[in-house]
Amino acid sequence: MRIAVTGSIATDHLMVFPGRFADQLIAGRLDHVSLSFLVDSLDVRHGGVAANIAHGLGQLGLAPVLIGAVGADFEPYRVLLKEQGVDTESVRVSPDLHTARFVCTTDADQNQVATFYAGAMAEARHIGLAPVLARTGGFDLLLVSPNDPEAMLRHTRECQELGIPFAADPSQQLARLTRDQVRALVDGSRMLFTNEYESALLQERSGWTREQILGRTGLWITTLGAAGSRVQQADRAPVEVPAARARAAVDPTGVGDAYRAGFLAALARGRDPRDAARLGSVTAVLALESVGTQEHRLLPAELAARLTEAYGPAAAEILDGRAEVRP
């Protein structure tokens, strides 16, 4: 199963504030906010939703095609992705703009305040899928993850025109999309990814009920944090999958991306959605236990042990299939 991933490619600047954001907020004064947080640490890491997911898929033995736009500063990052088996030949390089930047501060309660600079990501709207198909010979699924909104709409439209099965992952871009745009991204998708908050926002933005959304997508996967995840299909009872246990909550950045990589990798092995949610949960907690979005290692023995610990001995069979886990 060949998977392509479109979306953001970025550099992450991750900081940790030892206190609580809530302690700095004054009731009745939230209309004029001027806050400064003295942080204890700064980590500069490679990130971006699409790159994170592709990196995870590469570690899990697939050869994902990464599609996005970057600046001329991307080359060292390209090398690292290619080492994990990621096809980066369809990444557009802007001669004028920097690769996107994600600046995030996390407090002691794992709350986050973040800023995202799009930079070269704005040029993703100029990437057409037809040349990528011609170069690669095609793929079985294309994930439309957060990106320049016009790029997300273009790639979704081209998937429909070219007959490419696609998965919708509008995520943090939901807040800036219109009703018609949200509907266009979801309608006809093979699967849809949201977290619990985005699930409610998606219904509000689209004007569709849960049942109407389920009628327009094949699978609706909702991550629920420590409560696990939920997989829904039209006219079927929801499948609730508990979360795997994390050894420690170190950094929540990129945990959702790691979940998506595990989920899609299990589907690529021919597993059912419940098994896919289990592998997604394990890859998510491994990301949670490390700083940065691509620092965790998806080693076969560790994956098997964590699957067994969370879901029983038979769960390790999820790793069996046509793809081999990359050491």
Task: N/O donor-acceptor pair under 3.5 Å between E289 side chain and A284 backbone - done: no
Open item on the list: Please check this pair: side chain of R274 against backbone of R271, looking for a donor-acceptor N/O pair closer than 3.5 Å.
Closed with: no
- [ ] Could you tell me whether E123 and R92 make a salt bridge, using a distance below 4.0 angstrom between a side-chain N and a carboxylate O?
- [x] yes
TODO: For the residue pair Q172 and F116, establish whether any side-chain heavy-atom pair is separated by less than 4.5 Å.
DONE: no
TODO: Please round to the nearest 0.5 Å and tell me the distance separating atom CD of Q84 and atom CZ of R297.
DONE: 5.5 Å
Open item on the list: If the test is side-chain contact (heavy atoms from CB on, under 4.5 Å), which one of V16, D43, L14 qualifies with D251?
Closed with: L14
Task: Sub-4.5 Å side-chain heavy-atom contact between M191 and L141 - done: yes
- [ ] Show the numbers, then the answer: is there a ring pair (Phe, Tyr, Trp, His ring centres under 6.0 Å) between F263 and F193?
- [x] CA-CA 10 Å; F263 190 97; F193 289 96; 5.6 Å; yes
Open item on the list: Quick one, R216 with W208, criterion side-chain contact (heavy atoms from CB on, under 4.5 Å). Give me CA distance, side-chain angles, the key distance, then yes/no.
Closed with: CA-CA 10 Å; R216 288 168 168 82; W208 284 336; 3.1 Å; yes
Open item on the list: Can you tell whether the side chains of E204 and R179 come within less than 4.0 Å, N to carboxylate O?
Closed with: no
Task: Gap separating the CG atom of D12 from the NE2 atom of H46, nearest 0.5 angstrom - done: 10.0 Å
Open item on the list: Test your reading of the model: is there a side-chain donor-acceptor pair from Y259 to the backbone of S229, 3.5 Å cut-off?
Closed with: no
TODO: Enter the distance from Y197:OH to S171:OG here, rounded to the nearest 0.5 Å.
DONE: 11.5 Å
Task: Cationic N near anionic O, under 4.0 Å, E295 to R45 - done: yes
TODO: Check whether any side-chain heavy atom of S90 sits under 4.5 Å from a side-chain heavy atom of L66, and report yes or no.
DONE: no
Open item on the list: I'd like to know if R154 and E150 make a salt bridge, using a cut-off of under 4.0 Å between side-chain N and carboxylate O.
Closed with: no
Open item on the list: Is it the case that the side chains of T99 and Y77 hold a donor-acceptor pair, with the cut-off being a distance below 3.5 Å and no angle test?
Closed with: no
Task: Under 3.5 Å: donor-acceptor pair, side chain of S94, backbone of L97 - done: yes
Task: Check: T105 main-chain N/O paired with Q112 side-chain donor or acceptor under 3.5 Å - done: no
Task: Pair T293, N52: side-chain N/O donor-acceptor within cut-off below 3.5 Å - done: yes
- [ ] Using distance alone, with no hydrogens and no angle criterion, decide if R78 and T88 have a side-chain donor and acceptor under 3.5 Å apart.
- [x] yes
TODO: Answer yes or no: is there an ion pair linking D148 with R125, defined by an N-O contact shorter than 4.0 Å?
DONE: yes
Task: Backbone of N195 reached by a side-chain donor or acceptor of S199 within 3.5 Å - done: no
TODO: State plainly whether the residues R269 and D320 are in salt-bridge range, i.e. N to O under 4.0 Å.
DONE: no
Open item on the list: Counting C-beta onward and ignoring hydrogens, is there a side-chain heavy-atom pair between L177 and R205 closer than 4.5 Å?
Closed with: no
Task: Approximate separation, where rounding is to 0.5 Å, of R190 CZ and T217 OG1 - done: 9.5 Å
Task: Side chain H155, main chain I127, donor-acceptor under 3.5 Å - done: yes
Open item on the list: Could you check whether any side-chain N or O of T136 sits under 3.5 Å from a backbone N or O of G138, counting only pairs where one atom can act as donor and the other as acceptor?
Closed with: yes
TODO: Measure the spacing between CE of M15 and CG of D107 and express it to the nearest 0.5 Å.
DONE: 13.0 Å
Open item on the list: Between D180 and R183 (salt bridge meaning N to carboxylate O under 4.0 Å), is one present in this structure?
Closed with: no
Open item on the list: Donor-acceptor check, side chain of Q110 to backbone of T106, threshold 3.5 angstrom: yes or no?
Closed with: no
Open item on the list: When you compare the side chain of T6 with that of L142, does any pair of heavy atoms fall below 4.5 Å?
Closed with: yes
Open item on the list: Could you measure the distance from the CG atom of L219 to the CG atom of L267? Nearest 0.5 Å is fine.
Closed with: 7.0 Å
Open item on the list: Taking side-chain contact (heavy atoms from CB on, under 4.5 Å) as the criterion, tell me which of T253, V49, T11, T115 meets it with F102.
Closed with: T253
Open item on the list: With no hydrogens and no angle check, just 3.5 Å: does a side-chain donor-acceptor pair link Q232 and R210?
Closed with: yes
Task: D87 bridged to R2 by N-O distance under 4.0 Å - done: yes
